[in-house]
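These figures come from a predicted structure and were not determined experimentally. In the text below, chain A, chain B and the rest are named by the order of the sequence lines, each starting its count at 1.
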Amino acid sequence: MPQIFALADVNAMYCACESVFDPRLRGRAVVVASNNDGCAVARNQQAKALGVKMGQPIFELKDLMENHGLVVCSSNYALYGDMSFRFMQVLAECAPRVIPYSIDEAFMDLTGINTVVSFEDFGVQVKAKVAQWTGLPICVGISTSPTLSKLANHGAKKYPATKGVVDLTDRDRQRKLLSLVPVSEIWGIGSRISKRLEELGIKNGLQLADADPKWIRKHFSVVVERTVRELNGIPCHDDLLEVGAAKKQILTSKSFGTPVTQLATMLAAVTTHATRAAEKLRGERREAGFLSVFMSTSRYADGERYANQQGLTLPFPTADTREIVRHAVKLARTLWRDGYRYNKAGIMLSDFREPGACQSDFFNPIEDTDRAKGLMSTLDRINSISGKGSVKFGREFHKDRSWQMRRGNLSPAYTTRWADIPVVKC
DNA sequence: TCTGGGGTCCTAGGACCC
DNA sequence: TCTGGGGTCCTAGGACCC
């Protein structure tokens, strides 16, 4: 029995989440901005029709906001994260195996399900259930490899006649749709590779599917070769389908609300990022062996650009916020140069191990003892019960808060904060 | 004035070893 | 004087994704 994959994906997820709780947005052009209200990261159908581009700076949208009714929302990740969780739960009710792939999409293993219900009917039912239980509009694509189910989903979005569900298990239908799709639309083929493919005469999906995998490997890489095989219905994404695959790195970084020119402010920001990264690391139940810190000035600013990063192998693997902050601050001091207007900083943790997999250094001042671990888990528990940041480290209290995010048009945390739950008045 | 953040995988090249 | 070839590990950087 051939393996069958479905991809369910929320249409313009962030915009949809905003619209679910704010009826005034329905029917209007809506854009959700990145952190700092910097650029557009999600746009609904109406916003696309107005010509808003993915990644377009918000300041360029002023005219559309003033004269064409475009609404710009600040990003509200507490809301999107919670809605994503609900969406995944509905999928889990429908299919035996669900593999979340990103905040707004998940693969489902439908192998053999057509002995009970046709693939298309299955898709229609999932779509209806997600709409009923979460209010989110989705599309479903079904086919014989993850890449083809992505293609099917693309078709479901693009052609309204499909009503948002495409069963692409039939080989002739696959070839038909492939021939209509530019090669740059195929999952895994980005702008660089599609440009080179086009130069070699491969312009649409079907031409790529019919290319010789060996030749592709020689001219490109094993990644593109796998895509070719996937387009022929041979699943090659076993990596993707591993449930609960462990993370390999954790990165926290943000551009600043306003440029940073003082070392103390920078250290406060780095401390906050390091604290956040350590929390994520403990959430993964891992310890990190390597840490790196980076800072830079804006790509777009006039004058000399400064961008630098430095890494450090930790004396012993740890998930202790105090250790991680201490080393991060040390690195940040060595990276710092006076006289620049920094617009971004961040920290990356990697080289993960299981806790206790490595002997800690006997002579180190802060041993990863049970006491230290107890302290960290108590800290995490307090912050999870009483709200993020209830207990903080000293340097985070630096008086200059200007580096923090700008979110001028933030919606309420409708689903994750008691005070923000919508009230229906009769 | 204002241009995101967080990930993955693969490859090439250098250092080092035998 | 002559100075190989194969393996591993690490890191930086490229390309992709949402």
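- Within residues 65-85 of chain A, no residue has a heavy atom under 4.0 Å from DNA chain B.
- Between A/Y306 and A/Y342, the angle of the ring planes goes over 60°, which puts this pair in the perpendicular group of the 30/60° scheme.
- Checked by atom type, the side-chain pair A/S102/A/E105 shows a donor-acceptor distance below 3.5 Å.
- Within the 4.0 angstrom heavy-atom criterion, no nucleotide atom of any strand lies near A/T258.
- Across all strands shown, A/D37 has no heavy atoms under 4.0 Å from either base or sugar-phosphate atoms.
- Using a cut-off of 4.0 Å between Lys/Arg side-chain N and Asp/Glu carboxylate O, A/D37 and A/R407 are scored as not salt-bridged.
- Proximity of residues 334-349 of chain A to DNA chain B (heavy atom under 4.0 angstrom from any strand atom) is restricted to A/K344.
- Classification of the A/W187-A/H237 ring pair by plane angle, with boundaries at 30° and 60°, yields tilted.
- Nearest nucleotide to the side chain of A/S221, out of C/dC18, B/dT3, B/dT11: B/dT11.
- Looking at A/K195 and A/E198, no side-chain N of the basic residue comes within less than 4.0 Å of a carboxylate O on the acidic one, giving no salt bridge.
- Heavy atoms of A/K280 sit under 4.0 angstrom from primed sugar atoms or phosphate atoms, though from no base atom.
- Between the side chains of A/T297 and A/N343, not a single donor N or O lies within less than 3.5 Å of an accepting N or O.
- Listed by first residue number, the stems of DNA chain C with at least three Watson-Crick or G-U pairs below 3.5 Å are B:5-18 with C:5-18.
- Comparing B/dG7, B/dT1, B/dG4 against the side chain of A/Q249 picks out B/dG7 as the nearest.
- Where stacking is scored as ring centres under 5.5 Å apart with planes under 30°, A/Y300 registers as stacked on the base of B/dT3.
- Toward the 5' end of DNA chain B, the nearer of the two residues A/V41 and A/F220, judged by each one's closest nucleotide, is A/V41.
- Note on ring orientation: taking the six-membered ring where Trp is involved, the planes of A/W215 and A/H219 are tilted (angle from 30° to 60°).
- A parallel orientation is assigned to the rings of A/F21 and A/Y414, their planes being inclined by less than 30° (bins at 30° and 60°).
- The nucleotide whose nearest atom lies closest to any side-chain atom of A/W187 is, among C/dC18, B/dG6, B/dG4, C/dC18.
- For the residue pair A/N44 and A/K48, no side-chain donor N or O sits within less than 3.5 Å of a side-chain acceptor on the partner.
- No engagement by A/K53 is indicated, since no non-hydrogen atom pair under 4.0 Å with the nucleic acid exists.
- Separating the P atom of C/dT3 from that of B/dC17 is a span of 23 Å, rounded to the nearest Å.
- Here C/dC18 is the nucleotide among B/dG7, B/dT8, C/dC18 with the atom lying nearest to any side-chain atom of A/Y101.
- Closest to the A/R192 side chain, of the nucleotides B/dT3, B/dC9, C/dA15, is C/dA15.
- Residue contacts shown for A/I58 are absent, as no nucleic acid heavy atom lies under 4.0 Å away.
- A donor atom on one side chain and an acceptor atom on the other are not found under 3.5 Å apart for A/Q89 and A/R86.
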